[in-house]
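The structure displayed is predicted, hence computed values, not measured ones. No hydrogens, no waters, no symmetry mates; every other heavy atom, side chains included, goes into these values.
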Amino acid sequence: MKTHRGRWPLRLYAGLLVTILAVNVFGFTISETLRRLGPEPLGKDIAYSTLVTDRHGKLLRPFITGDGYWRLPAASDDIDPRFLAMLIAYEDKRFYTHRGVDPAALLRAAWQAATHGHVVSGGSTLTMQVARLLEPRPARSIADKLAEMIRALQIERRLSKRQILDLYLALAPYGGNIEGTRAASLAYFGKEPRRLSTAESALLVALPQAPETRRPDRFPKQAVAARNRVIALLDAAGIVNADQAQAAEAEEAPKGRLAFPMLAAHVAERIAKAAPPGAVAQTTIARDLQASLETLARDRALLIGSGVATAILVVDNKTGEVRAHVGGTGYFDTLRAGQMDLANALRSPGSTLKPFIYGLAFEDGLVHPETLIDDRAVRYGAYAPENFDDTFHGTVTVRTALQQSLNVPALQILNAIGADRLTARLANAGVKLVLPQNAAPGLAVGLGGAGVRLTDLAALYVALARGGEPVQLSWQLSETRNARPLRRLFEPNATWMIGDVLKGAPTPQNALGGQIAFKTGTSYGYRDAWAVGYDGANTIAVWVGRPDGAAAPGVVGRIAAAPILFEAFQRIGANRAPLGPAPPGAVIARTNELPANLQRFRPNALPELAAASRDAPPAIAFPPDGARIDLEGDTAPALSLKVYGGTPPFTWLADGIPIAQGEFRRDAFWDQPPHGFARLSVIDARGKTATARVRVE
């Protein structure tokens with residue numbers, strides 16, 4: 001008995017020693033495992049797809065990640081709650097109560113494997129699956145499983161259940177390069193996962209179990225079978241009722257992948273390139289309006305003719321925000337150069353600049369909408385302009401001349417105000433016309449002899465809609481606009497006169513007039529057809545033509561572009577407002593009620609008569625006496641000077657100092673004129689003079 005009692009402490013000590021050693025070995029193993037595992041993965045470095053959204057956060061276009069995956073971030077708040085309930089019931093029914101590892105699930109899995117001789121179900125929790133997705137371990141050994149469990153415990157300590165669920169929703173594999181529930185819903189169902197049917201939810205639950213062998217685009221039968229097993233299990237568990245299960249099993253499953261959204265593709269591409277990878281960039285675009293106008297552009301282009309494309313821009317007058325930007329007719333339409341942003345392509349504007357010619361004349365008090373002007377044959381040197389209809393209309397009002405887009409009256413006005421002054425005024429308002437190399441502004445500008453973009457025209461007409469106050473267009477809500485200040489385009493009275501005239505322009509067939517002020521244009525050779533218009537809330541600009549610049553016979557602004565413009569206004573919906581009333585001081589009168597100098601436009605001398613008569617005294621055609629000239633920096637480094645009559649050569653002086661001598665031509669240039677008042681004089685070969693006092697700004 002003593003011997004027995006004497007040996008017992010030794011056994012106790014030995015057992016205690018073994019226990020301590022085992023604990024130390026286990027602790028060392030765990031410690032070493034943790035050391036090798038490194039910091040716990042929390043999903044902070046996941047490379048998500050860059051997303052471009054509309055103004056309300058709706059997806060316009062996602063972009064593939066640098067490693068070639070469609071991996072869209074997903075939040076549980078944006079997922080159909082029914083899918084979430086089915087996912088948790090099928091994958092991890094104690095998700096909200098365990099700490100990352102579910103012992104009951106592990107024991108169940110081990111018992112099933114032992115009794116069946118193979119793995120029947122896994123014991124992984126959603127947290128363990130997230131750990132595996134964050135740190136893939138292809139060997140799938142017992143050590144890997146242990147590491148996965150440790151990671152799950154670590155993740156549960158650092159992240160909330162909602163954050164863990166969001167990581168699963170973003171990373172779950174769905175076959176090929178599709179990762180995440182949102183990407184899968186878009187790829188297989190063509191919609192966001194906010195509302196899913198029972199069958200759709202069951203398929204999204206089933207696919208991550210074996211994503212490559214259940215892919216609907218490659219193995220549709222296996223996908224349907226897996227989906228139906230999920231439905232049967234959820235039916236048995238009471239998650240769905242028998243009727244729902246029967247209807248879900250009968251629902252047709254997708255058999256392929258759909259294209260991801262690609263609305264406002266050109267804008268999205270430009271913004272995505274400037275954004276950091278994985279960013280969510282919000283635009284000013286309104287998604288529903290954008291989709292509607294893309295359909296309109298495609299349908300009309302197909303009707304007009306082969307190879308013809310359409311671009312449309314919608315701008316909010318108050319803010320300058322672009323609500324729709326249709327850069328072409330189908331991004332992947334190679335026949336129509338779909339990947340070229342035609343809203344930013346340089347084209348000839350046709351007659352769409354004519355309102356700005358008249359705007360300067362209205363502002364200067366040179367003409368009024370009811371002023372009479374002659375539409376008859378006239379010659380400017382070797383240039384003899386004609387109207388689009390090859391006829392002359394005699395004496396008409398300025399209102400009629402602009403509404404009918406007559407060329408000769410517009411060029412008479414432009415000749416009086418000066419093409420360089422027009423281009424300078426537009427440039428000061430933010431739009432610089434592109435002229436041929438080394439060419440000075442000339443009369444051809446009034447008929448489309450300069451390059452302009454659809455975005456430029458939209459900006460100019462927005463300024464008209466804003467009473468002459470320009471604003472820079474923007475495509476992003478967070479966009480930092482150019483710091484360069486813009487100068488007023490016209491005074492409010494002049495812009496109101498333009499709008500009052502343009503709202504009476506002839507409308508397309510079956511269109512209601514008087515609600516928008518609009519102007520059409522057709523470039524030389526039928527290469528470009530335009531229609532730009534505005535109401536009190538929106539400005540819309542439309543271009544129709546061939547992207548390669550080739551002629552498109554019959555494509556005329558009034559016939560091809562104007563109907564699209566009016567239809568686009570109809571599709572805006574409730575976001576409309578009437579044109580504003582006349583500002584204080586506006587002169588509203590008939591021709592015979594106007595002051596004598598405004599009843600008929602009388603240029604200083606008609607060009608063909610002045611050129612033909614050497615006996616006529618010189619007269620300064622531009623700048624006219626009392627004119628205010630807008631010149632700024634490098635926008636217009638020289639002021640154009642023009643003289644009618646007189647005998648060459650001519651000498652030009654500014655405040656008595658010669659600025660051009662021995663000029664046999666009737667135009668000259670004053671390089672870098674200083675700002676302020678100046679007295680311009682021209683002296684011909686006979687010593688006859690003419691004078692004009694101007695102000696350079």
Does a side-chain N-to-carboxylate-O contact under 4.0 Å join [X] and [Y]?
X: Arg162; Y: Asp77; answer: yes
X: Arg298; Y: Asp333; answer: no
X: Arg132; Y: Glu148; answer: yes
X: Lys318; Y: Asp316; answer: no
X: Lys58; Y: Glu192; answer: no

Cut-off 3.5 Å, side chains only: do [X] and [Y] have a donor facing an acceptor?
X: Asp102; Y: Thr125; result: no
X: Arg151; Y: Gln154; result: yes
X: Thr127; Y: Lys161; result: no
X: Asn344; Y: His266; result: no
X: Arg300; Y: Thr310; result: no

Considering all heavy atoms, the nearest [X]-[Y] contact:
X: Thr53; Y: Val280; answer: CG2-CG1, 3.8 Å
X: Leu59; Y: Pro261; answer: CD2-CG, 4.1 Å
X: Ala272; Y: Val52; answer: CB-CG2, 4.2 Å
X: Leu134; Y: Gly43; answer: CD2-CA, 3.8 Å
X: Ala541; Y: Ala458; answer: CB-CB, 4.0 Å
X: Ser124; Y: Lys145; answer: OG-NZ, 2.7 Å

Taking [Y]'s backbone N and O only, do any of them form a donor-acceptor pair with [X]'s side chain (distance below 3.5 Å, no angle check)?
X: Gln222; Y: Thr213; answer: no
X: Asp217; Y: Gly256; answer: no
X: Arg82; Y: Leu196; answer: yes
X: Glu567; Y: Leu296; answer: no
X: Arg287; Y: Leu60; answer: no
X: Arg527; Y: Gly549; answer: yes
X: Asn317; Y: Thr539; answer: yes
X: Ser49; Y: Phe63; answer: yes
X: Thr97; Y: Arg94; answer: yes
X: Arg336; Y: Val308; answer: yes

Flag side-chain contact, heavy atom, 4.5 Å: [X] against [Y]:
X: Leu313; Y: Val326; answer: no
X: Pro173; Y: Leu133; answer: yes
X: His56; Y: Asp288; answer: no
X: Pro62; Y: Trp70; answer: yes
X: Ser185; Y: Asp80; answer: no
X: Val101; Y: Leu153; answer: yes
X: Val542; Y: Val532; answer: no
X: Tyr48; Y: Thr65; answer: no

Taking [atom1] in [X] as the centre, count heavy atoms belonging to other residues, nucleotides or ligands within less than 6.0 Å. Is the count above 12?
X: Lys221; atom1: NZ; result: no
X: Met340; atom1: CE; result: no
X: Arg218; atom1: CZ; result: no
X: Arg99; atom1: CZ; result: no
X: Phe95; atom1: CZ; result: yes

I would like to know whether Arg227 and Glu200 meet salt bridge (Lys or Arg N to Asp or Glu O under 4.0 Å); could you show each step before the answer?
CA-CA 9 Å; Arg227 180 199 69 180; Glu200 291 168 343; over 6 Å; no

Pairs meeting criterion side-chain hydrogen bond (donor to acceptor under 3.5 Å, both in side chains) with involvement of residues 235-261, two or more places apart:
Asn177-Arg257, Ser197-Glu251, Glu252-Lys255

side-chain contact (heavy atoms from CB on, under 4.5 Å) evaluation trace for Arg571 with Leu293:
CA-CA 8 Å; Arg571 297 194 181 198; Leu293 294 186; 4.2 Å; yes

Do Thr319 and Val471 pass the side-chain contact (heavy atoms from CB on, under 4.5 Å) test, and can you show the C-alpha distance, the side-chain angles, and the key distance before you say yes or no?
CA-CA 7 Å; Thr319 63; Val471 63; over 6 Å; no

So Asp528 and Arg347, salt bridge (Lys or Arg N to Asp or Glu O under 4.0 Å) or not? Walk me through it.
CA-CA 7 Å; Asp528 309 277; Arg347 314 292 296 210; 2.6 Å; yes

Evaluate the side-chain contact (heavy atoms from CB on, under 4.5 Å) criterion for residues Tyr188 and Leu207: first the C-alpha distance (whole Å), next the side-chain angles of each, then the deciding distance (0.1 Å), finally the verdict.
CA-CA 11 Å; Tyr188 295 129; Leu207 289 182; 3.9 Å; yes

Which value, rounded to the nearest 0.5 Å, describes the distance between [X] atom [atom1] and [Y] atom [atom2]?
X: Leu165; Y: Ile88; atom1: CG; atom2: CD1; result: 5.5 Å
X: Thr329; Y: Leu302; atom1: OG1; atom2: CG; result: 7.5 Å
X: Ile540; Y: Phe569; atom1: CD1; atom2: CZ; result: 4.0 Å
X: Leu72; Y: Thr181; atom1: CG; atom2: OG1; result: 11.0 Å
X: Trp475; Y: Arg270; atom1: CH2; atom2: CZ; result: 6.0 Å
X: His325; Y: Thr284; atom1: NE2; atom2: OG1; result: 10.5 Å

Tyr461 vs Tyr534 aromatic rings, parallel, tilted or perpendicular, using cut-offs 30° and 60°?
tilted

Does the pair Asp54 and Thr283 meet the rule for a side-chain hydrogen bond (donor to acceptor under 3.5 Å, both in side chains), with working shown?
CA-CA 5 Å; Asp54 83 338; Thr283 70; over 6 Å; no

Verdict with supporting geometry, Leu171 and Ile46, side-chain contact (heavy atoms from CB on, under 4.5 Å)
CA-CA 9 Å; Leu171 298 177; Ile46 299 172; 3.8 Å; yes

Arg61 NZ/CZ over Tyr331 ring centroid, <6.0 Å and within 45° of normal
yes

Would you please indicate if the ring centroids of Phe518 and Phe566 are separated by under 6.0 Å?
yes

